[in-house]
Amino acid sequence: MESYGRFAKIYDPLMRDVDYDEWAAYLRSFLPDGTKQIAECACGTGEITLRLSRMGYEVTGIDKSEAMLEVAQEKARRAGRKIPFIRQDMQALSLHHPVDAVIAACDGVNYLNSLKAVKDFIRSAHSALKEGGVLLFDISSRHKIETLLGEKTFAQDEKACAYIWKNNYDPDSRLICMELVFFNRVGELYERFEETHIQRAHSGEEILKLLREGGFEAEVYEAFTRCPAAERSERLQFAAEKKI
């Protein structure tokens, strides 16, 4: 089943505890002075896209999900922001001109289910960047996926919607299969639908290696800090600069 299809309509209510202001400000702290144009991959419903736009950057939102892009475009329209949103695969970016920064937030790279796919994304971002441009992305860490998500089941119940989330983790492939059942309130009834999401438990070391082999100078941090990533860090932030 398609990921982020009907889920797009209820994604924001279920993510309301995420501090997108903090997230956007954290990303901004890595952007060099003079940064103007940003391509945001896996932009989802555009929460970070909108914030970067309000900061004065020229942002293009990119995602594979048409449903998520429709939500993002409507938000931008209501906010009076002229933001182009395009449907593209982050492994094969096709932009009109090179940009100053490529960004992917909130697990976008975990959805690249092999090291080859990550390598393709890095190569694609390298081609899309100006000399000296920056590539910023985060992942849920291998520790988080293996230990905290692993073979676990979660549930969340809100007024307008609810879900049951069951995980199956394969240690050989390092893939986690997330089976989600949603209940979306429509009038006095609830609409039930399902989605399957698959992510890979990448390690910080293997991604750093790919970045450096791919023409970047790169570092990895514990997300939302400038501290080096640790063994038990749950989210890793990569900051890479295209070599001149």
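One-based numbering along the sequence shown. What you see is a predicted model, and the numbers here were worked out from it, not measured in a lab.
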Requested in this report: Could you walk me through whether L115 and L210 pass the side chain to side chain contact (heavy atoms under 4.5 Å, CB included) test, one step at a time?
Outcome: CA-CA 8 Å; L115 288 182; L210 290 178; 4.1 Å; yes
Query - Intermediate values then yes/no, side chain to side chain contact (heavy atoms under 4.5 Å, CB included), L93 and S127 - result: CA-CA 8 Å; L93 296 175; S127 297; over 6 Å; no
Query raised in the report: What's the verdict on salt bridge (charged side-chain N to carboxylate O under 4.0 Å, His left out) for E206 and R200, showing C-alpha distance, side-chain angles and the deciding distance?
Result: CA-CA 12 Å; E206 62 193 5; R200 185 175 188 272; 3.0 Å; yes
**Report entry** From CA spacing to verdict: side-chain hydrogen bond (donor to acceptor under 3.5 Å, both in side chains), S53, R81
**Finding:** CA-CA 7 Å; S53 175; R81 313 299 304 187; 3.2 Å; yes
Requested in this report: I would like to know whether R16 and D12 meet salt bridge (charged side-chain N to carboxylate O under 4.0 Å, His left out); could you show each step before the answer?
Outcome: CA-CA 6 Å; R16 65 183 182 182; D12 287 335; over 6 Å; no
Query - CA sep, side-chain torsions, deciding dist, call: F30, R226, side chain to side chain contact (heavy atoms under 4.5 Å, CB included) - result: CA-CA 10 Å; F30 289 99; R226 290 300 181 98; 3.2 Å; yes
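Between V118 and H202 there is a side-chain heavy-atom pair separated by less than 4.5 Å. Under the 4.5 Å side-chain criterion, counting only non-hydrogen atoms from C-beta, Y57 is not in contact with Q37. Side-chain atoms of F238 and L208, non-hydrogen and from C-beta on, do get closer than 4.5 Å to each other. With a 4.5 Å cut-off on side-chain heavy atoms, D89 and D120 do not count as touching. Contact annotation: the side chain of D107 never approaches that of I139 to less than 4.5 Å [non-hydrogen atoms, C-beta and beyond]. Side-chain atoms of F193 and I10, non-hydrogen and from C-beta on, do get closer than 4.5 Å to each other. Side-chain contact between L211 and I122 is present, with heavy atoms from C-beta onward closer than 4.5 Å. The side-chain heavy atoms of E194 and E179, taken from C-beta on, include no pair separated by under 4.5 Å.
Other residues, nucleotides and ligands contribute over 12 non-hydrogen atoms within 6.0 Å of the CZ atom of R212. A 6.0 Å sphere centred on NZ of K166 holds no more than 12 heavy atoms belonging to other residues, nucleotides or ligands. Heavy atoms of other residues, nucleotides or ligands lying less than 6.0 angstrom from NZ of K119 number 12 at most.
The CD atom of E219 sits 11.0 Å away from the CD atom of E241 when rounded to the nearest 0.5 Å. To the nearest 0.5 Å, the span separating CD1 on I176 from CD1 on I145 amounts to 6.0 Å. We find the OG1-CD distance between T147 and E234 to be 9.5 Å, quoted to the nearest 0.5 Å. Distance check, rounded to the nearest 0.5 Å: CG of N167 to CG of L149 gives 5.5 Å. In this structure, CD on E146 lies 7.0 Å from CZ on R174, to the nearest 0.5 angstrom. Rounding to the nearest 0.5 Å places CD of E70 at 13.0 Å from OG1 of T45.
A salt bridge is defined here as a Lys NZ or Arg NE, NH1 or NH2 lying under 4.0 Å from an Asp or Glu carboxylate O, and K209 with E205 fails to meet this definition. Here D63 does not pair with R87 in a salt bridge; the nearest charged N to carboxylate O distance is not below 4.0 Å. Under a 4.0 Å N-O distance rule, the pair R185/E191 does not qualify as a salt bridge.
Between F182 and Y190, the distance separating the two ring centers is not shorter than 6.0 angstrom. Between F7 and Y163, the ring centre distance reaches or exceeds 6.0 Å.
The closest donor-acceptor contact from the side chain of E40 to the backbone of T49 lies under 3.5 Å. Formation of a donor-acceptor pair under 3.5 Å by the S141 side chain with backbone atoms of S233 is found in this model. Side chain of T225 to backbone of Y221: no donor-acceptor contact under 3.5 angstrom is found. Put simply, the side chain of E151 gets close to the backbone of Y169: a donor and an acceptor are under 3.5 Å apart. N110 places a side-chain N or O within donor-acceptor distance of the main-chain N or O of S140, the cut-off being under 3.5 Å. The backbone N or O of D19 lies less than 3.5 Å from no partner atom in the side chain of E22, so there is not a single donor-acceptor pair. Of the possible donor and acceptor atoms, one in the side chain of K242 sits under 3.5 Å from a partner among the backbone N and O of H126. Remark: the backbone N or O of L129 is not paired with any side-chain donor or acceptor of D100 at under 3.5 angstrom. A distance-only check finds a donor-acceptor pair linking the side chain of S114 to the backbone of A117 [under 3.5 Å].
Nearest heavy atom pair, residue A105 against residue L27, reads CB-CD1, 4.4 Å. Closest of all the heavy-atom pairs between F121 and L135 is CZ-CD1, 3.8 Å. What you find for R235 and K144 is that their closest heavy atoms are NH2-NZ, 3.5 Å. The shortest heavy-atom contact between G61 and I83 is N-CG2, 4.4 Å. In plain terms, the two heavy atoms of A125 and V102 that are nearest each other are CB-CG1, 4.1 Å. Contact record, Q199 with Y111: NE2-CE1, 3.2 Å, taken as the closest heavy-atom pair.
Below 30°, between 30° and 60°, or above 60°: for Y20 and W23 the angle between ring planes is below 30°, a parallel geometry.
Of the residues R51, R54, R28, the one that meets the salt bridge (Lys or Arg N to Asp or Glu O under 4.0 Å) test with D21 is R51.
No continuous path of hydrophobic side-chain contacts links V18 to V71 [ILVMFWY only; heavy atoms under 4.5 Å].
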